[in-house]
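Below is one structure, written out as structure tokens, with a few remarks after it.
Below, each value reflects all heavy atoms present in this structure, side chains not excepted, and no hydrogens, waters or symmetry copies.
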Amino acid sequence: MKRTFFLPPLTILFLLLSGCSDFWSGLPEHVIAQVNDELISVEEFQREFKDVILESEKHGKPALGDLKKAFLEQMIERKILAQEARRSGIKISEEELAQAISEIKKDYPVNSFGEQLGLKGMSLEEWKVRLEEKLLAEKMIRNHIGYQGEIEEAEVRKYYETHRSLFQIPQRVRARQIVVADGEEAIQILKRLKKGESFEKLAREKSLGPERVMGGDLGYFSKGDRPSEFDPLFSMEVGAISEVIKSPYGYHIFKLEEKSEPREINFEEARQAIVKELRKKRGEEEFQRWLNGLKGRAKIRINKKWLKS
């Protein structure tokens with residue numbers, strides 16, 4: 001999958017760019033925005049925006065105007081974060097840049113990376129400059145998003161009491177399966193199982209599923225996690241073997257290995273996870289306030305004509 005760079009969702013809060021300090025006009029025709037002393041060209045914006053449109057179209061037809069405003073806001077925030085990183089003396093080392101490039105290249109067919117960049121009208125050096133900017137922005141986010149303060153016990157308890165539904169564990173089973181393409185073959189395998197042959201051994205020999213290497217072990221799952229053909233497992237006794245069950249994937253035989261009853265996670269069990277969640281939330285809130293402060297001090301100019309086109 002091709003890597004797309006996005007700042008976290010918490011940064012896309014103002015689709016109408018309400019955080020910008022100025023909406024001056026008079027920018028050159030080829031410039032869509034200015035962030036302090038840096039320009040965002042129409043070409044740069046459109047080049048990156050193409051990937052956003054393609055990704056958004058996978059989830060339905062996007063509202064193009066709102067999408068443009070949201071993505072321009074991301075680009076502006078990225079510029080502000082990278083500028084603040086440079087001002088603070090934060091850098092991206094050659095090793096960090098090389099590692100990021102290596103990770104991105106994994107998503108491309110061999111020897112096609114440069115060709116793909118060419119299709120976007122960008123040289124390798126230009127692309128590296130953009131990548132470094134994105135890495136700087138990501139590093140600034142990591143440096144500022146963690147919350148180190150105390151979380152009060154009363155707040156942890158309140159979260160637990162008001163989110164009890166999150167701490168309910170449904171019934172779970174651990175099962176094995178043998179799945180084959182032919183119904184008659186499945187019937188013959190079931191006969192052998194009923195005579196006492198090892199389920200694990202036959203799963204390794206006969207099953208078409210990837211879990212065959214583990215003797216057909218599917219691990220633990222709850223009702224609804226898998227297709228409805230797996231539901232009979234929840235009414236079987238531990239150690240029981242099912243009849244042949246047909247599904248769109250073939251003919252299945254299941255063996256129930258373990259079953260756990262539904263239960264509620266108590267407060268002491270949940271406490272650590274709640275503290276982690278509250279720290280995350282508090283960190284995101286602090287980061288947003290800090291980012292809004294940077295945006296408020298920045299001089300931002302927008303070419304509104306391009307947002308309307």
Evaluate the side chain to side chain contact (heavy atoms under 4.5 Å, CB included) criterion for residues Lys194 and Ile241: first the C-alpha distance (whole Å), next the side-chain angles of each, then the deciding distance (0.1 Å), finally the verdict. CA-CA 8 Å; Lys194 288 182 175 180; Ile241 295 173; over 6 Å; no
So, the side chain of [X] versus the backbone of [Y]: is there a donor-acceptor pair under 3.5 Å, distance only?
X: Asn36; Y: Lys299; result: yes
X: Glu96; Y: Ser93; result: yes
X: Arg212; Y: Gly209; result: yes
X: Arg279; Y: Gly149; result: yes
X: Ser41; Y: Glu44; result: yes
X: Lys223; Y: Asp231; result: no
X: Gln83; Y: Ala298; result: no
X: Ser247; Y: Tyr249; result: yes
X: Lys128; Y: Ile101; result: no

Could you check if a side-chain atom of [X] sits within less than 4.5 angstrom of a side-chain atom of [Y], using non-hydrogen atoms only?
X: Leu81; Y: Leu291; answer: yes
X: Val35; Y: Ile80; answer: yes
X: Pro248; Y: Glu229; answer: yes
X: Asp217; Y: Glu211; answer: no

Are the charged groups of [X] and [Y] less than 4.0 angstrom apart, N to O?
X: Glu126; Y: Arg47; result: no
X: Lys106; Y: Glu103; result: yes
X: Arg157; Y: Glu153; result: no
X: Glu38; Y: Arg78; result: no

What's the separation between atom CG in Leu278 and atom OH in Tyr147, rounded to the nearest 0.5 Å?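 Atom-to-atom, Leu278:CG and Tyr147:OH are 10.0 Å apart.
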Gln99 CD to Ile92 CD1 distance, which is reported to the nearest 0.5 Å: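 Output value for this atom pair is 11.0 Å.
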Looking at Arg164 and Gln168, what are the two nearest heavy atoms and their distance?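 Scanning both residues, the minimum pair turns out to be O-NE2, 3.0 Å.
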Hey, what's the ring geometry for Phe230 with Phe254, parallel, tilted or perpendicular (30° and 60° as the breaks)?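 Tilted, since the angle between the ring planes falls between 30° and 60°.
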Please, which pairs that meet ring pair (Phe, Tyr, Trp, His ring centres under 6.0 Å) have at least one residue in residues 255-284, sequence neighbours excluded?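 Non-adjacent pairs meeting ring pair (Phe, Tyr, Trp, His ring centres under 6.0 Å): Tyr160-Phe267.
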For Glu269, I'd like to know if atom CD has over 12 heavy atoms of other residues, nucleotides or ligands within 6.0 Å.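 Yes, the 6.0 Å shell around CD holds more than 12 heavy atoms from other groups.
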Salt bridge (Lys or Arg N to Asp or Glu O under 4.0 Å) partner of Glu258, chosen from Arg176, Arg174, Arg172: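 Of the listed residues Arg176, Arg174, Arg172, the salt bridge (Lys or Arg N to Asp or Glu O under 4.0 Å) partner of Glu258 is Arg174.
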